Amino acid sequence: MRNAALGRHQEAADLHQHVLTTRERVLGSDHPHTLHSRNNLALALGYLGRHQEAADLHRQALTAYERVFGSDHPHTLNSRNNVGLALDNLGHHREAADLHRQVLTAYERVLGPDHPDTLHSRNNLGLALDHLGHHREAADLHRQVLTAYERVLGPDHPNTLHSRNNLAAALRATEHRRLRWHRRWPRSQAVRII
């Protein structure tokens, strides 16, 4: 994904497509390297904004990962996580949140609560919940992730800083929603329920 990191997404997608086609021919469609290439191409398509194609390719990869590695293997869980991210990019936030919740539960069981993949998964669930408008639940998850990153990686690690940023965004959205509600229902018009 080096070219994608440089912003050369189309070039990266073209290279990933070439590698995938070659690996399918040489290694077969279920070889682990082929599966990783399929995943990389899907990520590149997502960077290009081709979210439906990315989601379809991520689903194909997930089906193969489940067949080759089983449902709880870390590669499979990563692939399932990528399907969730693709769904979130398509605006299917409920489906994405449900999938991220499943992935998080599996990561906690397989790798433990403080493993970086588990923390990343918890973060992704928080993002999907934030997109659904469940800002408080998202903030709670981001706070858990931040606490774990501070403990495991330290306060200045890039993942910790990213997590702190996500928490701030969820808290800001929570406050924004509260202020919007108060503007809609001024005290003089509010009905008190006893």
Side-chain angles (χ1 to χ4, degrees), residues 1-104 106-107 116-135 138 141-142 145 158-159 161-163 165-166 169-170 173:
M1 292 293 292
R2 183 178 193 91
N3 285 333
L6 296 173
R8 296 163 58 182
H9 304 300
Q10 186 59 59
E11 184 179 0
D14 293 344
L15 290 169
H16 286 306
Q17 179 63 65
H18 176 75
V19 172
L20 174 59
T21 301
T22 304
R23 283 183 170 171
E24 285 176 333
R25 182 174 40 81
V26 174
L27 301 174
S29 61
D30 282 349
H31 190 280
H33 294 308
T34 306
L35 299 180
H36 296 322
S37 291
R38 189 171 294 124
N39 178 68
N40 288 340
L41 175 58
L43 291 172
L45 292 172
Y47 286 128
L48 288 168
R50 294 163 57 184
H51 300 299
Q52 187 61 58
E53 290 175 80
D56 294 344
L57 205 51
H58 278 305
R59 283 189 182 106
Q60 290 174 20
L62 175 59
T63 299
Y65 275 115
E66 288 173 335
R67 184 175 52 252
V68 172
F69 292 104
S71 62
D72 281 347
H73 190 280
H75 291 325
T76 306
L77 297 178
N78 182 60
S79 181
R80 192 171 295 123
N81 175 71
N82 289 342
V83 171
L85 292 172
L87 291 170
D88 208 28
N89 287 334
L90 286 170
H92 303 163
H93 305 305
R94 168 60 54 206
E95 193 178 351
D98 292 344
L99 194 55
H100 283 306
R101 202 177 302 279
Q102 293 171 16
V103 172
L104 175 59
Y107 269 133
D117 290 345
T118 305
L119 297 177
H120 188 72
S121 178
R122 188 173 294 119
N123 175 74
N124 290 341
L125 174 57
L127 293 173
L129 291 171
D130 206 27
H131 295 150
L132 278 170
H134 301 172
H135 306 301
L141 285 170
H142 288 307
V145 173
N159 289 1
L161 298 175
H162 186 73
S163 180
N165 183 68
N166 288 344

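As the structure is a prediction and not an experimental result, all values here were calculated from the model. One-based numbering along the sequence shown.
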Can you tell me how far apart [atom1] ([X]) and [atom2] ([Y]) are? Round to the nearest 0.5 Å.
X: Glu53; Y: Leu41; atom1: CD; atom2: CG; answer: 8.5 Å
X: Thr22; Y: Gln17; atom1: OG1; atom2: CD; answer: 9.5 Å
X: His16; Y: Asn39; atom1: NE2; atom2: CG; answer: 9.5 Å
X: Leu77; Y: Asn82; atom1: CG; atom2: CG; answer: 11.0 Å
X: Leu27; Y: Thr34; atom1: CG; atom2: OG1; answer: 4.5 Å
X: Asn89; Y: His58; atom1: CG; atom2: NE2; answer: 8.5 Å

Could you tell me whether a side-chain N or O of [X] sits under 3.5 Å from a main-chain N or O of [Y], the two making a donor and an acceptor?
X: Ser121; Y: Asp117; result: no
X: Thr76; Y: Phe69; result: no
X: Arg122; Y: Val145; result: no

Determine whether [X] and [Y] make a side-chain contact, defined as any pair of heavy atoms from C-beta on separated by less than 4.5 Å.
X: Leu45; Y: Leu57; value: yes
X: Ser71; Y: Arg80; value: yes
X: Leu62; Y: Arg59; value: no

All N/O donor-acceptor pairs, side-chain side in residues 123-133, below 3.5 Å, sequence neighbours left out:
{"residue": "Asn123", "atom": "OD1", "partner": "His142", "partner atom": "ND1", "Å": "3.4"}
{"residue": "Asn123", "atom": "OD1", "partner": "Asn166", "partner atom": "ND2", "Å": "2.6"}
{"residue": "Asn124", "atom": "ND2", "partner": "Asn81", "partner atom": "OD1", "Å": "2.8"}
{"residue": "Asp130", "atom": "OD1", "partner": "His135", "partner atom": "ND1", "Å": "2.4"}
{"residue": "His131", "atom": "ND1", "partner": "Asp88", "partner atom": "OD1", "Å": "3.2"}
{"residue": "His131", "atom": "ND1", "partner": "Asp88", "partner atom": "OD2", "Å": "2.7"}
{"residue": "His131", "atom": "ND1", "partner": "Leu127", "partner atom": "O", "Å": "3.2"}

Could you tell me which residues satisfy side-chain hydrogen bond (donor to acceptor under 3.5 Å, both in side chains) with His36, sequence neighbours excluded, listed by chain and number?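 Partners of His36 under the side-chain hydrogen bond (donor to acceptor under 3.5 Å, both in side chains) test: Tyr65.
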Write down the atom of [X], the atom of [Y], and the distance for their closest heavy-atom approach.
X: Ala55; Y: Leu90; answer: CB-CD1, 3.7 Å
X: Ala106; Y: Asp72; answer: CB-OD1, 4.1 Å
X: Ala54; Y: Ala42; answer: CB-O, 3.3 Å
X: Ser79; Y: Ala61; answer: OG-C, 3.8 Å
X: His73; Y: His75; answer: ND1-N, 2.9 Å

Checking Gln60 against Asp56: is there a side-chain donor and acceptor pair closer than 3.5 Å? no
Before giving the answer on side chain to side chain contact (heavy atoms under 4.5 Å, CB included), spell out for Leu104 and Thr118 the whole-Å C-alpha distance, their side-chain angles and the decisive distance to 0.1 Å. CA-CA 6 Å; Leu104 175 59; Thr118 305; 3.9 Å; yes
